[in-house]
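Here's the structure we're looking at; comments come further down.
To find a chain, count down the sequence lines: A is the first, B the second, and so on, and within it residues start at 1.
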Amino acid sequence: MTAPALSRRAPRWRAFLRRRTMLVAGLAILASFVLLALLAPWVAPSDPIFQDTTAKLLPPSLAHPMGTDNFGRDVLARVIWGARIDLQIAVIGVVFPFLIGTGVGTVAGFFGGWVDALFMRIIDVVLAFPFLVLMLSIITILGPGLGSFYIAMALVGWVSYARLIRAQILVLKTQDFAVAAQSLGFSRARIMFRHLLPNALAGSLVFVMSDAVLVLLNGAAISYLGLGVQPPLAEWGVMVAEAQGFITQAWWITLFPGLAIVTLAFGFSLTGDALADLLGVHE
Amino acid sequence: MSAQLEIRGLSVVYRDAGEERELLQDISLDLQRGEILGLVGESGSGKSLLCRTVIGLMPSRSLTMTAGTVTLDGVAIHDTDMAGLRGRRIGMIFQNPTSHLDPVMTIGKQIAEGLRHHKRLSAVAAKAEAIGLLRQVGFPDPGRAYGSYAHEFSGGMRQRAMIAVALACDPEILIADEPTTALDVTIQAQILRLLIELRDRRGLSIILITHDLGVVAQSCDRIAVMRAGRIVEEGEKRALLADPRHPYTRQLIDSHPTMTHAGDEPAPHPHDRKPIFEIDDLRVHFPAGGGFLTPKREFQALKGVSLRVWPGETVGIVGESGSGKSTLARAILGLTRITSGQVSFEGHVLTRDPKATLKHLHHGAAMVFQDPFNALNPRLTIGETLAEVLRTQGETPAAEIETRIGELLDMVGLERSYATRRPRSMSGGQCQRAGIARALAVNPRVIIADECVAALDVTIQAQIVALFRDLIARTGLTLIFIAHDLAIVRTLCERVVVMHHGAIVEEGPSARIFARPEQAYTAALIAAVPDIDPDRPLNGGQTTLQQESAT
């Protein structure tokens, strides 16, 4: 308003893109995986579980750009179909912990006292067990499968969100605008969910992105251990697990699904970092 | 005699992603040896940036000095080694001593560090010298202060410690950036007196940055007024204050609250009705430390306060920080737990029937807060904030909420387009107006304003005070105005309550309290307000430099 001298200004969208290279790159990676998953039936060169016994363990060629595996299945087709399951794992495996954790954290932070103490002790108990051991025991009890994996994720994963949100709420509830809301007679639910939570959310939204990476790797690890996705379904973790016996003869069966995991994880990380900048989480 | 520090044609430019702004424009300024120069202006005028540029501590990489020279005793600064200059020849102290002192290093060590680095003293000699410095800046027991940490001291003492750290390297020039803004008036008076004494004794030249003309009037020799990156006026203090040339300087002087405006004395209020607030022997204690094995301790924030507030009255509550003013405000609104005593609002007793009284309070009383940015939900637009209050109150039909928001914005002097803006895109003064609009949305009979102008620039302060005065005249509102700034209370309130250590020490009509205070504490508080008239000396607060002779 009172700036002494305003000179030139580059077009806004170009300046935005230049500053947000990370966001654009991250979103582009995520979008291409989503597109790949949606278009799998049309894009994939063949059926992912079709076994061609005459074409076992073929190296990458024009007919099979990523080669074939020990059952003669096309690796490219399996990687493309695998995107469906792995994206599902990343999204569902994050959404439920996020919702539960956010709710618990808000209530604990806002009410304090014994409510807070109770939830914090539960969190301590969950955190006292090694993450993977807890996951494995829950899945073993429920029986292997993706459904069990999601339930285990929801039961274990919410603690980080609860702690993140609670810490934010504790700070926010002493701020003047929260006191003002109280003095104006707003209901507790309104103060919690309309005034405090939206202001506390930025940090956990960023965490969602990096958490998606962890969940993805967890899903792959669980499937690798034979407790998640069951063969012959195409999932990247399962593919790596199945092919490990052939790693010296046929590197392509493990390399390409592995690369897919890394690339998707990278996409999530980039988006998360860019969101952190955009939402001013570091400030 | 040539100036000790010469700034010629200095310009600083901010560049970031295709944006370019000139923050300082062609600034020329001299500082004579042993002079105190006051640099006055509102926040954002470039005062601090100018001083940081001089010592080469740019706050951001996007800033560059594009033109101009700075010379110290005839030698251009930016050619010589900056690290040597900083500290040794030019020292700096800041507004917030807490964040500029190392919390995990004792005060003494921080002083000794500078002495050893710049003067190459041995550890023992540095310690002796540091203790001497602590005595000079007024620590009653410098030996003990040497081994203490920053958090063990009060704000005023921390500011003294920071001055000692700056003095450790025996600088020729001291730059003080709003050194007293965060302090109470009585402490402010002590620190200003300390700066003047240091100048007299050590021949130190001082640049004092402040937004308060009263502070410069009391302590400086010369004044430079800055606005929007330029120096608009500069001159000897008496000449400048008596005959300001630039309209902005005139506006600053007129906004200063110690100026008495004719006809401002409010008429005494007839007490023919029942009091709106009745407070009897109110006590609020907070738990303070102690716990599992150690006995629990309590901090008594309010020690038996009794007060009556009448409808239509403007009551000022003044006192230093920690005197319990804000606790009182929160307790009577039911926002803080009451330990004992009674509060009643329009006949409803808060301690006896909290639910009904709170409901009554939510519809009859509203609060305005100190930090305008913090008091508004950053995610909501002003319109959303106001609409929410109107809906909760339930007195405005849904169809009329839109028009009511417009009316509220008109009342506080904001354009109606502000309804779609968020606090982040508004200035402090505009946010405070929005905060007042939110309070008015309740359609309250009483507004409690807690230090609501303390965070604002003087000219904005004057506008907000005028807004309150206007609202009172138009709506017959009752106002409880909490402030540490006595000058503002004097111009706005008809009755003053003075608080100290959680108790009321004196209360009465403004005119009487300010003319003939009965308590020594009130008198000290009033005398410590820096007056814009340089010939009305600062005489509040006891100087602690009596031990000086021991040095």
_CZ (A/R163) with more than 12 external heavy atoms under 6.0 Å_ = no

_CZ (A/F131) with more than 12 external heavy atoms under 6.0 Å_ = yes

*For chain A, which residues of residues 439-448 of chain B have at least one non-hydrogen atom nearer than 4.5 Å to it?*
B/V442

*What residues of residues 369-391 of chain B sit under 4.5 Å from chain A when only non-hydrogen atoms are counted?*
B/F369, B/Q370, B/D371, B/N374, B/A375, B/L376, B/N377, B/P378, B/R379, B/L380, B/E384, B/E388, B/V389

_Contacts with chain B made by residues 169-201 of chain A (heavy-atom distance under 4.5 Å), listed by residue number_ = A/Q175, A/D176, A/F177, A/V179, A/A180, A/Q182, A/S183, A/L184, A/G185, A/F186, A/R190, A/R194, A/H195, A/P198, A/N199

*Tell me the side chain to side chain donor-acceptor pair (under 3.5 Å) pairs involving residues 112-122 of chain A, sequence neighbours left out?*
A/D116-A/R166, A/R121-A/D124

*For each of B/L335, B/V13, B/L333, tally heavy-atom pairs with chain A at distances under 4.5 Å, and name the one with the top tally.*
B/L335

